[in-house]
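Notes follow the structure.
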Amino acid sequence: QFLRKAKDVEVQFTDEDGYYMGRYSGFSNIPYDYFQGEGTFDIYCQNPYKIIEISEVEESDYVREESKTKVLLSPINTCDKIEIEEIKGEVVNQKEVRITSKETGDIISLKNLDSVGTLIINREQILLNNLNIKDKLDFNISTWKNVKIEDGNEIVIEGLNSVSFKYRGF
């Protein structure tokens, strides 16, 4: 009963960073007349990819300053590709916030923002100070929901400070 949940939950192992999303799907029981033994339980993960959060990206070794832009070098060495789950940062340029993968050409571009503040971009929403600003997305060039980045790619960040990423490794 303890393991049965109606939705996916975080599954974390103590010997590795990150977590998986999954749910209990079954078990093997030890015989009822044993006082001790070994059993197993199964966890089904629809997306069997580890989710890792990178915080304080601009303070890490993966960022290099180039004039007014920041270049994030993908820090995952164990994955071929990463999928962005969430981008969070502080808006410093109201005219345009742009996040570009140099290798794939994928772009997220927001134009003519009404204010500065905390920007959160994920697959469901784009929020600035907790207000929906999807209408500020430049749909002509943005690949908002389909951004893919491979290990070692350079991500150019313009108009944001204190950037952090949540991503899933493949």
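Below, all heavy atoms of this structure are taken into account, side chains as well, without hydrogens, waters or symmetry copies. These figures come from a predicted structure and were not determined experimentally.
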Identify all side-chain donor-acceptor contacts of residues 110-121 below 3.5 Å with residues at least two apart in sequence or on another chain.
from : atom 1 : to   : atom 2 : distance (Å)
K111 : NZ     : D138 : OD2    : 3.3
D114 : OD1    : K136 : NZ     : 3.4
T118 : OG1    : E90  : OE2    : 2.7

Check residues 7-15 and write down every donor-acceptor pair under 3.5 Å in which the side-chain atom is one partner and the other belongs to a residue at least two apart or another chain.
from : atom 1 : to  : atom 2 : distance (Å)
D8   : OD1    : R23 : NE     : 2.8
D8   : OD1    : R23 : NH2    : 3.2

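Heavy atoms only, all atoms of each residue included: C45 and G22 are closest at SG-CA, 4.0 Å. The nearest pair of heavy atoms linking N93 to K95 is OD1-N, 2.9 Å.
S109 has its side chain within reach of E96: a pair of non-hydrogen atoms, C-beta onward, lies under 4.5 Å apart. Looking at I99 and V156, their side chains never come closer than 4.5 Å, going by heavy atoms from C-beta outward.
Other cluster members for I107: I141, joined by side-chain heavy-atom distances under 4.5 Å among Ile, Leu, Val, Met, Phe, Trp and Tyr.
Not one N or O on the side chain of D106 forms a donor-acceptor pair closer than 3.5 Å with the backbone of I108.
Residue F139 places its CZ atom among more than 12 non-hydrogen atoms of other residues, nucleotides or ligands, all under 6.0 Å distant. The local environment of CG in N132 is crowded, with over 12 non-hydrogen atoms from other residues, nucleotides or ligands closer than 6.0 Å.
There is no path of hydrophobic side-chain contacts, each under 4.5 Å, that joins L127 to I157. In the hydrophobic clustering of this structure, F27 groups with Y20; members are Ile, Leu, Val, Met, Phe, Trp, Tyr whose side-chain heavy atoms approach within less than 4.5 Å, directly or through other members.
D135 meets the side-chain contact (heavy atoms from CB on, under 4.5 Å) test with I133; sequence neighbours excluded. Partners of S142 under the side chain to side chain donor-acceptor pair (under 3.5 Å) rule, at least two apart in sequence or in another chain, do not exist in this structure.
Note that the CD atom of E86 and the CD atom of E124 stand 9.5 Å from one another [nearest 0.5 Å].
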